[in-house]
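This one's a predicted model, so the numbers in the text were calculated from it and none came from an experiment. Each chain gets a letter, A, B and so on, in the order the sequences are listed, and its residues count up from 1.
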There are 2 protein chains.
Amino acid sequence: MAPYDPSAHPPFAVTVDLVVLTVRRHTLCALAVRRGEPPYQGRWALPGGFVRPDEDLMEAACRELAEETGLRAQPPASTAAAGPSGPYGTDGAHLEQLATYGDPKRDPRMRVVSVAYLVLAPDLPAPRAGGDARSARWAPVTDLLRGEEGTDDEQRAPLAFDHALILADGVERARSKIEYSSLATAFCPSEFTVGELRRVYEAVWGVALDPRNFHRKVTGTPGFLVPAGGTTTRQGGRPAQLFRAGGATLLNPPMLRPEV
Amino acid sequence: MAPYDPSAHPPFAVTVDLVVLTVRRHTLCALAVRRGEPPYQGRWALPGGFVRPDEDLMEAACRELAEETGLRAQPPASTAAAGPSGPYGTDGAHLEQLATYGDPKRDPRMRVVSVAYLVLAPDLPAPRAGGDARSARWAPVTDLLRGEEGTDDEQRAPLAFDHALILADGVERARSKIEYSSLATAFCPSEFTVGELRRVYEAVWGVALDPRNFHRKVTGTPGFLVPAGGTTTRQGGRPAQLFRAGGATLLNPPMLRPEV
DNA sequence: ACAAAAGTGTTAATCTTACACCCATGG
DNA sequence: CCATGGGTGTAAGATTAACACTTTTGT
């Protein structure tokens, strides 16, 4: 490596961006906030912000998450390791590092490297705007990704910066990860039925699954679900048993995603 | 998000670190370089260096890779997208983003955020040191991860910075990814036999696989291997057919990793 | 001839799939 | 009573795991 003095060059800014996913009305939705200032003023973007000088990356992600959604998110107790390994549970929500985006031209103002985090959350109350006056909304990911270049309509314009790319990566990660892990339970409230869990898979993958086989699969995998003791009739029909996510984090053999 | 002016704070430095893996003598090995300057002078570390002001992250990773190993690595032709999605082939080697490490205390000198990349390469000639005089070596990952705190012996001291954590994450990624993708072929030369590919799996997973079933599995997956036309007897015994990696990148159903 | 590695065949166990069928509730 | 979802049973097909057996080379 050639000697290189970083202090001799303009600095980098480091931000975190959040892909916050939830399932609402049988649809995979992401949290979007409206930008109140240039660049991309008035456009929708992923929530996020600058990392502070003495803040760990995941700490920054937790802070932004709390500011944007009110999700309680205490920073990891004592992370000796700064690594992304090991998801971090926040109030039932799941948080993990997604990827880092550093195209020199991704922000017209300056060189910004953004570390994206993926959050899977149960259906939350309507998002509340943060401390400032920006508005926020849950939007179906298909809408957010189908932004039309050159459109002025604020609901249809593409996401700011490279956020469409980040969102697409996050959605892809969620889609593939629920296949072989118990992550889909992060989309459910703390107690849920097998049918609710199945509807999560159906919404995330955009397919229909056989309720009978799904039931056998998830209840037959030891440690995946533990009975919570009650029943509910939220969905109509025969009352269903309530479950809680079990300790098992790996699903083997995996849940098979049908060809689309 | 509270207003925040990054220029009012000390800047971040951004580096890339490389987890370069290969299989040598039936063992999973990683590239380590010896640090020529403080901090951690004399200790082994992962290769890497600062990202330059106008350089994309992957471009920086390619540059460092070329400097450290001589692996030809032209920057991605025209990456409109700065994303990590889509691996990038360099001379048969595979390069993908791994994760980003940003503990405020990970570097005692200043705030450094490091984007780690994972490289899977075929067995390379002995590593040549870069432009400067640092030495480099291939070391079994078990040795590198079993560094003993407080040891002075340069061969046994733990890796510098948080590089043991980064290496462990990279190894884990490689181990799990060859399960459901054709990535293991990145450890092989352009033409290889089924037996050689099997020995890659065995080295990476540290298990023994049944040669008969393995053969059926990989040759029976359409698009995974394409016959290259010749045979070889590199390993002794009956000559084996030579194959090339096929276009198929996903392996479905996955190769099953035996319980350890 | 023998060792060593490459391949093929076969069988039992397991898992997926597709469906028939019954259960418990609300309207 | 009947629509709606919950849940169990079963049989056909696919896949894996284990291992017997043949093929083709080098020594």
For C:dG7, does OP1 or OP2 lie under 4.0 Å from any side-chain N or O of B:H215? yes
Any heavy-atom pair between the side chains of B:Y201 and B:V23 that's under 4.5 Å? no
Among C:dC19, D:dA18, C:dA6, which is the nearest nucleotide to the side chain of A:N213? C:dC19
Give the nucleotide from the list D:dC19, C:dA6, C:dA24 with an atom nearest to the side chain of A:R238. C:dA24
Residue met sooner reading DNA chain D from 5', once B:R212 and B:K217 are mapped to nucleotides: B:K217
Mind calculating the distance between CE (B:M255) and C1' (D:dA17) to the nearest angstrom? 14 Å
For the pair B:S182 (side chain) and B:F224 (backbone), establish whether a donor and an acceptor sit closer than 3.5 Å, ignoring hydrogens and angles. no
Separation of D:dG5 atom P from A:L209 atom CG, nearest Å, is 16 Å
Between C:dA6 (P) and B:L242 (CG): distance, integer Å: 12 Å
Specify the separation, in whole Å, of atom CG of A:L197 and atom P of D:dG7. 12 Å
So which nucleotide from C:dA18, C:dG7, D:dA18 ends up closest to the side chain of B:R216? D:dA18
Mind checking if A:R199 touches a base, just sugar-phosphate, or nothing, with heavy atoms under 4.0 Å? sugar-phosphate
Rounded to the nearest angstrom, tell me the gap between atom CG in A:D210 and atom P in C:dC21. 16 Å
Distance-only polar pair, side chains of B:Y101 and B:D169, donor-acceptor under 3.5 Å: yes
Using the side-chain heavy atoms of A:L256, tell me which of these nucleotides is nearest: C:dT16, D:dT16, D:dG5. C:dT16
On DNA chain D, does the nearest nucleotide to A:E196 precede the nearest nucleotide to B:P239 from the 5' side, or the other way round? Give the residue. A:E196
By nearest heavy atom, map B:G237 and B:Q241 onto DNA chain C; which one lands nearer the 5' end? B:G237
Can any side-chain N or O of A:T193 pair as donor or acceptor with the backbone N or O of A:Q241 at less than 3.5 Å? no
Option passing side chain to side chain contact (heavy atoms under 4.5 Å, CB included) with A:P47 (candidates A:V119, A:L65, A:V33): A:V33
Can you tell me how far P of C:dT16 sits from CZ of A:F214, to the nearest Å? 13 Å
Looking at every strand, decide which applies to B:R234 at a 4.0 Å heavy-atom threshold: base, sugar-phosphate, or nothing. nothing
Nucleotide C:dG7, atom P - distance to CZ of B:R198 in whole Å: 11 Å
